[in-house]
Structure formats: structure tokens, C-alpha cells
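Input: a single structure, listed below in C-alpha cells.
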Amino acid sequence: MMKKKSKLALALAASMAVSLLFTGCGAGNTAPAQTAPEEVKTDEPSNEAAMGEADTETAMSGGKADTVTVGILADPENMGPWSGMSQGRIAVLFTTYEYMITRENGKAYGVLAKNWEQSDPKTYQVEIYDYIHDAKGNPLTAKDIVFSFESAIATKNYGKLSVIDSVTATDDYHVEFRFNKALEIGEFENVMLECAIVTQAAFEASPDQMATTPVGTSAYLVESYIPGSEVIAKDTGNYWQTDESLVHGTSIHNVKEIKFSVITESSQHTVALQTGAVHISNGVPDTDIAKFDAGGEFSEGNAVGVVLDNLTYGVEYNMSDRSVFLDDENLRFALAYAIDKEGINLGAFNGNGKAVKDFANASYQDYNTAWDSEDYYDYDVEKAKEYLAKSKYNGETLRLEYINSAMSEVVAQMLQAYWSQIGVKSELIGYDQMMGQQEQYNADGFDVLLKLSGSTDYIVNQWKLCWDARDYRQLTGGTANFVVDEKLDELMQAALSVDTYGPESIEAFHDYLVEKCYGYGVVQGPINIVHSNKIANVALDIRKQILPGACSYTQ
Amino acid sequence: MWKYIVKRLLWMIPVLLGIAVVIFTIMYFCPGDPAAAILGNSATPAAIAEKRIEMGLNRPYLVRLLDYLSQVFLHFDLGTSYFQNQSVMSGILYRLPYTATIAVICMLLQILIGTPLGITAAVHQNGAADRICMVIALAGVSIPGFWLAMMLVLLFAVRLGWLPPYGVGGIQYFILPCIANAFAGIASQARQTRSSMLEVIRSDYIVTARAKGLAERDILYKHALPNALIPIITVVGNGMGMMLGGTVVIESVFSIPGIGMYTTSAINNRDYPVVMGGVLFLGALFSLIMLLVDVIYAYVDPRIKAQYEGQQKSWRRRRTND
């Protein structure tokens with residue numbers, strides 16, 4: 001009996017020792033997270049200075065590193081120049097391909113295009129450099145530009161290219177773009193930014209339409225691709241643009257080898273940075289960010305960069321004829337005034353985001369800074385209650401729809417809490433990305449939509465994503481959220497038209513939208529990027545993706 | 001025996017047809033639009049509608065279903081991925097070695113560790129060894145695979161630095177995923193072996209063998225174990241199928257580009273051909289494994305072999321009488 005008991009005791013002791021070992025591991029990782037909010041915020045200014053959209057001067061100032069490993073959350077799947085968009089593909093796109101132009105801090109610069117001009121409302125002439133060649137040495141001429149655009153259009157993967165009527169090579173280095181309508185503000189630039197350019201020779205030589213063997217004109221050539229695991233791109237040392245003053249953010253090549261490591265589980269991004277397997281990642285879970293920040297347990301050798309996202313969390317009311325909001329302006333205002341945008345910024349983003357004062361955020365070049373001091377449904381519970389009392393609301397539960405992501409869910413929960421504060425009941429309906437994209441046009445599916453949207457150029461183009469009825473009329477009868485309002489349409493078109501675009505038309509649209517309260521911006525979230533100290537300056541593209549080639553590196 | 005195998009193989013056709021119809025129907029009615037996924041968030045409804053037409057997604061259910069069935073069963077083509085523009089079959093075959101490696105190693109671990117654990121527990125029923133084995137088995141069935149995986153990563157990759165935390169490469173990359181994935185299987189195997197062995201070692205012929213003075217080792221391995229094997233083989237077969245199809249979590253945690261990750265990513269993107277092809281492929285593989293299990297039954301237990309052959313003979317007799 002004693003013998004049996006001692007065996008049992010020994011087994012228990014062994015299992016306890018194993019448990020302690022595991023508990024020790026867990027505790028080591030979780031404790032510092034409690035101090036997360038302050039630490040992230042304290043470090044913010046220095047990191048802000050070290051991050052931003054690719055900037056030629058700062059990025060070129062560092063040394064050229066041998067290799068950098070970037071953690072990405074999804075496999076690129078297909079690296080062909082004109083395949084469908086995906087999260088993994090976006091991450092490697094600018095390393096592999098170049099476009100006619102690029103955009104830095106809202107301004108367009110030529111990459112392959114030397115210059116361009118509008119010859120009539122529907123026609124543009126573009127001149128390309130006469131010494132371009134791809135990463136395999138094939139010369140690139142106007143015919144290749146035509147081939148690239150025609151191939152991209154044929155895939156029907158790029159809605160923005162549907163405005164193109166024809167692309168013609170007028171000589172070896174001049175291309176004429178004819179459009180089927182007079183282009184609106186930013187539209188030409190967006191067309192030029194939409195199509196990756198390759199040489200016809202390289203494309204035809206590829207056995208798989210460049211799905212695994214992409215050859216662009218960038219400084220990097222993909223050397224190996226293990227689907228679902230990694231992509232390795234190497235600097236060919238033979239980049240076509242030899243004039244460094246003309247090399248812009250997306251084309252900078254400060255590192256000899258870039259390895260994109262596919263890590264689908266976000267907590268493994270933490271481990272990868274911790275063990276040095278990865279040098280930079282934007283996939284670290286928010287709860288782990290503080291561990292890499294000053295004072296955090298993995299801060300040695302690492303840093304956290306915080307930058308504002310170009311996307312805005314906004315609220316859109318369902319304005320269909322079956323919606324409670326259609327004839328109830330007071331209810332719309334009541335909900336708007338009940339939201340503490342700063343509170344959401346603090347609660348959801350540790351204060352690293354920014355409360356917004358328009359349907360879009362302040363990062364656009366045409367944003368009117370005077371709006372910052374205006375009353376934009378500023379948090380006022382009493383006012384909200386007054387509007388609610390005047391409204392036709394009679395206690396029904398409103399359905400708040402959002403697309404599932406950790407942050408969207410927190411923002412949605414906070415909206416729900418703020419609305420319950422004034423006595424409005426709401427239920428949350430979270431969908432995955434695909435379902436959400438479909439359900440946002442289902443007039444019977446929701447009452448309020450929390451949407452994350454943004455553009456990379458002008459504020460009017462973010463507005464367009466919801467308020468341009470021409471894009472949605474067939475499906476919704478009005479704007480994306482079913483608004484049928486002729487004046488809104490007129491103002492939107494005036495703000496988008498090249499002839500009338502300007503401060504006045506922008507102001508008029510902003511004011512009208514604030515007055516009608518069909519929807520409003522709430523908060524602009526941050527993007528957290530954790531990187532090793534090997535990287536002195538993090539560069540991002542217009543979509544806020546890491547540009548490893550344009551980062552600057554310590555010697 | 002061969003006729004039995006051929007008959008079973010023929011039975012796989014309606015099974016696979018059923019799987020194809022069910023998975024196609026589920027994907028057809030599943031909300032979400034692959035055209036919208038390809039075009040991205042800023043696509044207008046008009047652009048999405050045009051893309052849907054180009055992809056043939058606007059056609060009626062029956063037309064698409066019949067097209068799919070004829071493509072798969074008449075042309076043996078699982079289709080082309082919407083996103084990768086690559087044949088689904090080649091995508092699966094590229095990823096199969098990763099999944100198969102994990103599944104086979106896990107299976108070996110399950111057999112090599114689970115079976116001895118179960119035998120030990122049965123032989124020492126109610127003793128300390130039995131309790132320890134059953135505590136391990138209980139832990140195995142209770143601990144979620146993803147949690148164990150993360151604990152193993154923290155210990156062996158982060159703390160000790162002995163093994164890589166994720167990715168693919170040499171065999172060292174498979175150690176942690178296989179341990180995490182096999183633990184539950186080892187536990188089930190141990191529990192099943194224990195229960196089968198307990199049933200057998202109480203049998204009269206084992207008592208007789210003991211009375212004859214045979215060595216305990218011979219009694220266990222020559223008389224008891226072969227007779228306890230049938231349920232154990234069933235668990236192994238089911239386990240193999242489960243491991244082939246169920247490596248999704250482990251592949252995601254360890255970023256292993258196997259079939260599980262391929263299919264999960266396709267579900268998120270609504271890449272219908274990949275999802276349907278993946279499910280159909282795993283269905284066929286599972287059917288083959290079950291057939292293999294039945295064949296092994298016949299070799300392990302002559303009574304079952306006789307039964308299979310008896311069925312053939314009675315069938316032949318009926319044909320002759322007719």
C-alpha cells in the first residue's frame with residue numbers, strides 16, 4: 001500500500017513540476033501586458049518620427065543591409081501581376097512590381113512614367129523612361145505598357161480600370177490612354193497605380209503566368225517561393241533607374257535580400273520577433289505590443305512603431321424605406337451625440353488612434369483643418385437624450401452590423417455601450433469579411449453599419465466609397481447605405497468632378513453631410529509595427545504595408 | 001478478397017458523388033462572394049456583378065452543379081483556384097506531403113506510445129501504472145491541441161531554443177506540431193487498447209493459457225493482443241482519417257502549408273473550387289483508409305477473412321441458382 005502511495009506521490013510531484021514549468025512560461029509572457037497602455041503611448045513620439053510612408057531622403061540615409069525577414073499573416077498565393085487581391089499578395093506587391101506612378105504623402109510621382117499630360121477631357125499622353133528594363137534584363141517599351149494594361153483589363157479583377165477605352169503605343173516610349181468618360185479627381189492616378197507593369201517577353205516566358213515566378217521592373221527578383229511558407233526576393237544589383245534622385249519610396253532597395261515569412265497565427269509573430277526569426281511584422285496581437293515597447297520584457301533589441309491607419313471607422317445608418325432612420329433625423333442625431341469618440345480611441349486603441357471630425361480622417365491632403373475646431377457631433381449625453389426624446393424611437397433593438405476583427409468588435413461593443421447610456425438598445429451582428437461585404441447591401445439585415453473604409457489619395461474618394469450613388473444605385477437605389485437624396489448626389493459629383501473640385505465643393509459636401517447625419521466618422525485606428533533595432537526607419541506604402549526595401553537599416 | 005476490394009472501390013463512387021453534391025450545395029448557399037473577394041473592398045457592385053458573370057457565378061444552381069460533377073467525375077478535374085489560378089489538384093498534391101508527414105508521424109506516435117500505454121494500464125489494472133497511464137490519457141483527451149501547441153512553442157522554441165517555432169524545413173520543424181497533434185490520438189489509443197485488452201485478458205482461453213503455465217509475456221503478446229486488435233485498428237484507421245483532415249489547427253499554429261491551411265484559407269476567401277476539391281480529396285482518402293482498415297481486419301482475424309470470402313461464395317451461388 002505504502003509503495004503504491006509513494007508511486008502516486010512521485011507521479012503527482014512530476015506532474016506538478018511540469019505544470020510549474022508551463023505556468024512559468026505563460027506567466028513570463030502575460031504579466032507585462034498589464035502595463036501596455038502607458039508604455040505604448042510613452043514611446044509614441046519617437047516612433048512616429050521613425051515611421052511613415054516611404055520617404056526617399058530618410059530611407060536612403062541608412063546603410064544597406066544584407067537581409068531582412070518580414071512576418072506576413074497570409075500567403076501571397078498568386079504573385080502574378082494581375083491576379084485578384086488578397087492580404088498576403090498586398091504585402092509583397094511593391095517589392096516585386098513597379099507601377100506607372102507612385103504616391104508619397106498624397107503626391108504623385110512618376111516611376112516608369114517620366115511625365116504625363118491631359119490632351120483632352122478623355123485622353124492622356126504618357127511618356128515613359130527610355131532605359132527601363134525588368135529584373136531579367138528585358139527592355140520595357142510602350143508596347144509592354146499596352147500589353148500590361150490590356151491583360152489587366154481582360155482579367156476584370158480591377159474595377160478602376162473599367163474607365164479605360166483604349167491604350168495605344170504612339171511610339172516606343174509614348175502611350176495614349178483614352179477613357180470612356182471624363183475622369184474625376186484622382187482617377188487618372190488611381191488607374192496608373194492599379195496595374196502592375198511587366199514586359200511581355202518575361203510574362204510569356206513564365207511557365208505559370210508569373211504566379212510563382214514574378215518578374216517586374218523593381219530592384220528585386222523572387223528567387224524562391226514555397227507556397228504557404230516563404231518568399232525570398234533578392235536585389236538583382238541591376239536596377240534600371242540609375243538616377244537616385246528619381247528613385248521613389250516603392251523602388252528604394254536598401255537591403256540585399258528580403259524574406260517574407262508566412263506566419264498565419266498572430267501569436268507566432270510575437271514568438272518569431274522574440275526569437276529573432278523575424279525582423280519586422282505588423283501582425284503582432286495588440287495584447288503583445290507592450291512586451292516589445294520600452295520597459296517590456298522583449299524590448300531589448302526591439303522597438304514598436306505606431307502610425308495612424310489611413311482607414312476610418314465610420315457609422316452608416318440604414319436609410320432604406322423600411323428603416324427606422326429614414327424619417328427620423330432626431331434618432332440619427334441622438335445616436336451620433338451619444339458617442340464619445342475620444343473614449344473609443346482610448347478604450348479600443350490605447351489612445352494611439354484619433355477621433356475624427358468628418359466622415360473621413362485628417363490624413364488626406366484636401367482635408368480642411370478648420371473642421372478640427374468644429375462641433376462634429378461632439379459627445380454630449382444630454383443633447384443626445386434631448387434628440388432621443390424628440391425622436392420616434394420606441395424601445396426597439398437596433399441591429400449594429402460590423403465585419404469581425406478584434407478591433408471592430410471592441411469599437412462595436414463601445415458603440416453599443418454608449419447608446420445604451422441614453423436608453424437605446426442594440427444588438428451586435430458580426431460577419432466575416434466575405435459575408436459582411438454582401439450583407440452591407442441587405443436593407444433588411446441591419447439598422448446601423450460600422451464600417452472601416454479609406455482611400456489612399458483624396459478625401460473625396462473616401463466619401464465616394466459610400467456616398468456616390470452612381471456606383472450603388474442599381475443595387476441600393478441610392479448611396480451604399482440606401483440614401484436617396486438628390487442634393488447629396490449633386491454635391492458629391494461636384495466634389496468629384498475635376499472642374500468643380502476644390503475647397504468650396506469639399507466644404508459644401510462636408511457641411512451637408514453633417515447637417516443630414518446619414519453617417520459619420522468615429523475614429524481612425526493605429527497600426528502597430530514591431531521591428532528589431534536593426535531597422536532604423538520603417539517605410540510603409542500608401543496602403544500602410546511594410547516596404548522592406550525602403551526601410552533604412554543600421555550598419 | 002480482391003473481389004471484395006473491387007466492390008468496395010466501386011462503392012466509393014456514390015460516396016464521392018454524395019460528398020460532391022453536399023459540399024457543392026453548402027458552398028453554393030454559403031453567403032459571401034468570391035468575385036467581391038477578388039476585387040477587394042473598394043469594388044463597386046457593378047464591377048462585382050461583371051466579375052460574377054465572367055466567373056460563371058450567375059448561372060443557376062443545377063447548371064453549375066451538373067457542370068461541376070461532369071468536370072470532376074468525367075474529366076477528373078477538380079477545377080482551378082480563383083485566387084491562385086492554379087489547378088486545385090496540383091495545389092493539393094503540392095501540400096499533401098506536409099499534411100501526410102504530420103499524419104503519418106502522429107499515427108506512428110499514436111501506435112508506438114498509445115498501445116504500450118494501454119497494455120500497461122490493462123495489465124496493471126487499478127494499480128499505480130494504470131492510474132498514471134489513464135491520467136496521461138485523460139490529459140490527452142482534455143487538453144486542446146492549440147493550447148498544447150503554444151505551450152510547447154513557449155517551452156522548446158522560446159525558453160530552450162531547441163526547436164523552430166513555426167515554418168517548414170527539416171524534420172525538426174515537424175517535432176512540435178506532431179507532438180501537439182498526436183497527444184489526443186495517443187490518449188484515445190491508450191484508452192481503447194486498455195479497454196480491449198481488459199476484455200480479452202478476462203477470457204477463458206487466457207485463464208487456460210495461464211493455467212498451462214505459459215509465460216505472461218507470451219500470453220499477452222501472442223494470445224491477448226492479437227484478439228484485442230480489431231477495435232485498436234479501428235481507432236488507428238479513424239485516427240488517420242481525422243489527422244489527415246484535422247491538421248487545420250496545427251498547420252495554422254505552426255504555419256505549415258498543408259492541405260488544412262490550403263482549405264481554411266480558401267474558405268475565408270470563398271475560393272469554392274479549392275474548398276470543394278480539398279473536401280472531395282480528403283473524402284476519397286478517408287474512404288481508402290477505411291478500406292485498408294477492413295483489409296487489415298481480414299489479415300488480423302481469419303474469421304473476418306472467411307466472412308468476406310463467404311459473402312463472395314454465397315453471391316456466386318445465388319447467381320448460379322438464378
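Order of the sequence lines fixes the chain letters, A, B, ..., with proteins taken first and strands second; residue numbering starts at 1 for each chain.
Of the listed residues (A/Ser162, A/Gly159, A/Pro227), the greatest number of heavy-atom pairs within a distance under 4.5 Å of chain B belongs to A/Pro227. Counting heavy-atom pairs closer than 4.5 Å to chain B, the top residue among A/Gln268, A/Gln433, A/Lys160 is A/Gln268. Taking A/Val262, A/Asp432, A/Thr476, A/Ile90 one by one and counting their heavy-atom pairs under 4.5 Å with chain B, the maximum is reached by A/Asp432. When each of A/Ile263, A/Asp75, A/Val271 is checked for heavy-atom pairs under 4.5 Å with chain B, A/Ile263 comes out on top. Between chain A and the residues B/Asn269, B/Leu39, B/Asp33, the largest count of heavy-atom pairs under 4.5 Å involves B/Leu39. The candidate from B/Ala37, B/Cys30, B/Ala47 with the greatest count of non-hydrogen atom pairs under 4.5 Å with chain A is B/Ala37. For the options A/Glu230, A/Gln437, A/Met434, heavy-atom pairs under 4.5 Å to chain B are most numerous at A/Met434.
At distances below 3.5 Å, not a single donor-acceptor pair connects side-chain atoms of A/Thr270 with backbone N or O atoms of A/Asp288. Between the side chain of B/Lys51 and the backbone N or O of A/Thr155 there is at least one donor-acceptor pair closer than 3.5 Å.
If you measure heavy-atom distances from B/Met55 to chain A, you find no contacts under 4.5 Å at all. Of the atoms belonging to A/Tyr441, it is side-chain heavy atoms, and not backbone ones, that fall under 4.5 Å from chain B. No part of B/Tyr262 comes within reach of chain A, as not one of its non-hydrogen atoms sits under 4.5 angstrom from that chain. For a residue to count as touching a neighbouring chain, one of its non-hydrogen atoms must lie under 4.5 Å from one of that chain's; by this rule B/Val153 touches chain A with the side chain only. Contacts between A/Gln209 and chain B at a heavy-atom distance below 4.5 Å involve the side chain alone, from C-beta outward. For chain A, the nearby parts of B/Phe254 are the backbone and the side chain; heavy atoms of each come within less than 4.5 Å. Of the atoms belonging to A/Gln438, it is side-chain heavy atoms, and not backbone ones, that fall under 4.5 Å from chain B. For A/Ser261, the part lying near chain B is the side chain, with the backbone staying farther off; criterion is any non-hydrogen pair under 4.5 Å. Both the backbone and the side chain of A/Ala272 come within contact range of chain B, each with at least one heavy atom under 4.5 Å from a heavy atom of that chain. Both the backbone and the side chain of A/Ala277 come within contact range of chain B, judged by heavy atoms closer than 4.5 Å.
At a cut-off of 3.5 Å, with distance as the only test, a side-chain donor of A/Asp208 or A/Thr213 sits close to an acceptor on the other residue. For the 3.5 Å distance criterion, the side chains of A/Glu77 and B/Ser265 qualify, holding a donor opposite an acceptor. Side-chain contact of A/Asn461 with A/Ser455: a donor-acceptor pair under 3.5 Å is absent, judged by distance alone.
If you take OG1 on B/Thr80 and OH on B/Tyr82, they are separated by 10.0 Å, rounding to the nearest 0.5 Å.
Contact record, B/Ser255 with A/Thr264: OG-N, 3.1 Å, taken as the closest heavy-atom pair. Across every non-hydrogen atom of B/Leu57 and B/Ala35, the tightest pair is CD1-N, 4.3 Å. In terms of heavy-atom proximity, A/Ile72 sits nearest to A/Ala91 at CG2-CB, 3.7 Å.
Residues of residues 463-471 of chain A placed with any heavy atom under 4.5 Å of a heavy atom in chain B are listed by number as A/Leu465, A/Asp471.
Within a 6.0 Å sphere centred on CD of B/Gln125, heavy atoms belonging to other residues, nucleotides or ligands number more than 12.
With respect to the salt-bridge test (charged N to carboxylate O, under 4.0 angstrom), the residues A/Lys156 and B/Glu54 do not qualify. Between B/Arg95 and B/Glu251 no salt bridge is recorded (no basic side-chain N to carboxylate O distance below 4.0 Å).
Two residues are said to be in side-chain contact when any heavy atoms from C-beta on lie closer than 4.5 Å; B/Leu117 and B/Thr193 fail this criterion.
In this pair, B/Tyr61 and B/Tyr28 present their aromatic rings perpendicular. The plane angle is above 60°, beyond the 30 to 60° band.
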